[in-house]
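Predicted, not measured: the structure shown is a model, and the values here were computed from it. All values below come from the heavy atoms of this structure, side chains included, with hydrogens, waters and symmetry mates left out. In each ligand, atom 1 is the first atom listed, and ligand 1 is the first ligand listed.
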Amino acid sequence: MSETIEPRKIVIDLKKLIVEPYTRKKEVKLSELKDYCAYPEDAEKILAKGEDPVIYEYYEYTPTEKPGNINFGLTIIYPGKIGKEYYMTKGHFHEKDAAEFYFCLKGKGLLLMQNKLGEVATIELEPGSLGYVPPGWGHRTINTGRGKFVFFFAYPSDAGHDYMLVKEKGFAKIVIEEAKTVKIIDNPRYQKLSQ
Ligand code: S6P
Ligand code: ZN
């Protein structure tokens with residue numbers, strides 16, 4: 001029998017920074033992110049002190065994974081750095097050719113994208129601006145501000161997520177703070193997809 005999805009109302013609470021109701025909440029701490037960092041030795045130093053800060057969290061509402069539906073939610077990236085690299089999401093590619101958008105609600109940050117040819121694009125996000133991720137582009141978000149960086153996302157429910165490509169090869173660029181300014185530089189640990 002085919003699944004019936006009922007129409008419904010979902011509230012995005014901009015004060016509490018929560019989606020109500022949500023189907024999934026995930027908190028990513030430094031210990032889980034460390035293999036994605038450009039300078040994992042800096043992550044190890046923080047962890048060795050007995051600290052394991054939450055880097056980001058997200059609330060998602062997934063009606064179903066059936067094609068034709070939309071997943072959406074809220075991502076909150078905390079302010080901070082791991083060494084000189086700003087707090088960021090792991091980043092991923094979608095398994096299917098599926099686009100996504102990020103609509104910034106609070107704070108400021110960067111949307112870093114890369115396609116499988118190794119081409120890179122960055123979009124600055126501040127409240128009111130929307131970053132569009134075309135199908136085929138891996139995406140990571142980075143908090144370059146002093147407060148929480150918060151954005152609303154939406155993408156096709158059957159998109160799927162591939163984290164391995166980013167974990168093993170990295171993004172070609174990383175975002176760091178140097179001399180108190182935001183810099184986008186080559187990732188010293190990047191391995192081209194053809195290697
Ligand atoms: C999912 C969408 C977001 C991210 C979230 C965390 O397609 O892009 O919900 O899941 O921003 O990022 P990541 O890379 O840990 O999934
Ligand atoms: Zn995505």
What atom name does the N, O or S atom of H139 nearest to the Zn ion (ligand 2) carry?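 Restricting H139 to its N, O and S atoms, the minimum distance to the Zn ion (ligand 2) goes to NE2.
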Give, rounded to 10 degrees, the angle between OE1 (E100) and NE2 (H92) as seen from the Zn ion (ligand 2).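 Vertex at the Zn ion (ligand 2): approximately 160°.
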Does a donor on one side chain sit under 3.5 Å from an acceptor on the other, for [X] and [Y]?
X    : Y    : answer
Y59  : E20  : no
E168 : Y163 : no
E85  : Y36  : no

Can we call the ring centroids of Y132 and H139 under 6.0 Å apart?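 Between Y132 and H139, the centre distance exceeds or equals 6.0 Å.
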Identity and separation of the nearest protein heavy atom to atom 16 (O) of ligand 1: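 Of every protein heavy atom, Y163 OH, 2.5 Å lies nearest to atom 16 (O) of ligand 1.
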Sub-4.5 Å side-chain heavy-atom contact between L47 and K49: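 No. Closest side-chain heavy atoms not under 4.5 Å.
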Nearest to atom 3 (C) of ligand 1 by heavy atom, M88, E60, E100, E32: which?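 Looking at heavy atoms only, the winner is E100.
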Can you check whether T64's main-chain N or O pairs, donor with acceptor, with T62's side chain at less than 3.5 Å?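 Answer holds: no.
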Could a heavy atom of [X] be found less than 4.0 Å from some atom of ligand 1?
X    : answer
G91  : yes
K26  : no
R140 : no

Proximal ligand 1 atoms for H139, defined as those under 4.0 Å from one of its heavy atoms: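 Ligand 1 atoms under the 4.0 Å threshold to H139: 8 (O).
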Which atoms of ligand 1 have any heavy atom of T75 under 4.0 Å away?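 The atoms of ligand 1 under 4.0 Å from a heavy atom of T75 are 5 (C), 11 (O).
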Taking the six-membered ring for Trp, are F93 and F171 parallel (under 30°), tilted (30 to 60°) or perpendicular (over 60°)?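 Answer is parallel, since the angle falls under 30°.
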Given that the side chain starts at C-beta and the backbone is N, CA, C, O, which of these parts of H94 lies under 4.0 Å from ligand 1, counting heavy atoms, or is it both or neither?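 Within the 4.0 Å criterion, H94 contacts ligand 1 through side-chain atoms alone.
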